[in-house]
Amino acid sequence: MKLLVNIDHVATLRNARSEGVPDPVQAAIECEKAGAAGIVFHLREDRRHIKDADVYGLKKVVKGLLDFEMGATEEMIRICSEIKPHLCTLVPEKREEITTEGGLNMEAIFDDYKNRVLPKLKDAEIPVSLFVEPEPKDMKLCAKLGVPVVELHTGTYSNATGDQIKKELERLKEAATVAHDHGIQVNAGHGLNFENIRAFLDNIPHVEEISIGHALMADALFRGLPVSVREMVDIIESYNG
Ligand code: PXP
């Protein structure tokens with residue numbers, strides 16, 4: 001199991017002033033030095049955090065896995081095809097949302113992804129992951145689309161309290177099992193942090209890559225990015241083999 005660090009919010013802080021710091025590209029270098037297996041970024045249509053120049057900078061420096069998260073617009077497909085990341089994670093994107101609010105609505109996107117989005121990314125030879133709700137029916141639709149990877153949305157688990165936590169873990173476990181049974185790689189992310197990561201890892205099988213951003217950046221403000229990333233890498237890697 002691998003940790004990929006989402007560095008979007010380094011750009012959020014950088015964009016609060018126009019002085020170029022902190023630099024998300026430098027943050028990516030530090031994350032990898034601290035043991036992260038790769039870097040995730042989300043180039044949003046409104047460029048509210050990561051900017052185009054960051055994407056090209058990241059492509060130059062990232063030595064491990066590079067995961068390009070994006071909405072399935074023609075503009076993003078073009079940029080992604082040029083960058084050729086290790087993985088393109090497709091997410092729903094709404095202008096008014098603060099962060100990605102849920103997984104893709106699989107029924108709604110199915111035909112468009114089948115006929116327009118996935119063929120273009122296939123032509124560019126970029127493996128695709130779909131960010132999805134942990135629902136068996138959605139895993140089956142992903143299998144029908146032939147995508148090699150899914151990212152299970154862990155946001156509902158991360159926000160759950162009391163009895164709900166167990167229910168969400170059950171939901172994630174079932175979805176991970178169904179995806180794996182269909183030969184799909186299982187990734188996961190959203191809202192994971194130092195408090196909820198262990199119960200997630202204790203309960204969910206087959207997960208290969210975990211993407212964490214906000215919680216690591218928040219922790220890093222007080223303890224430093226190398227310390228925060230190293231600690232999360234150690235937790236996640238302690239579950240390997
Ligand atoms: N995975 C996806 C698809 C996301 O949209 C995000 C948020 O940008 C994350 C993972 C990381 O979530 P968080 O910042 O809450 O760790």
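The figures that follow rest on heavy atoms only: side chains count, while hydrogens, waters and symmetry mates do not. Just follow the structure's listing: the first ligand is 1, and inside any ligand the first atom is 1.
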Subject >> Whether over 12 other heavy atoms sit under 6.0 Å from K51 NZ >> reply: yes

**OP:** Answer yes when E32 and K2 have at least one side-chain N-carboxylate O distance shorter than 4.0 Å, and no when they do not.
**Re:** no

Original post:
Between the main-chain N or O of C31 and the side-chain N or O of R230, is there a donor-acceptor pair closer than 3.5 Å?
Top reply: no

Write none if no such pair exists; otherwise list each N/O atom of ligand 1 with its protein N/O partner under 3.5 Å and the distance.
residue, atom, partner, partner atom, Å
ligand 1, 1 (N), E151, OE2, 2.5
ligand 1, 5 (O), E69, OE2, 2.6
ligand 1, 5 (O), T100, OG1, 2.9
ligand 1, 8 (O), N6, ND2, 3.4
ligand 1, 14 (O), H214, N, 2.9
ligand 1, 15 (O), G191, N, 2.8
ligand 1, 16 (O), G213, N, 2.8

**OP:** Would you check if the side chain of E168 reaches a backbone N or O of S158 as a donor-acceptor pair within less than 3.5 Å?
**Re:** no

**OP:** Could you check whether the rings of F131 and H153 sit parallel, tilted or perpendicular, using 30° and 60° as the cut-offs?
**Re:** perpendicular

Subject >> Within 45° cone and under 6.0 Å: R223 NZ/CZ vs F194 ring >> reply: yes

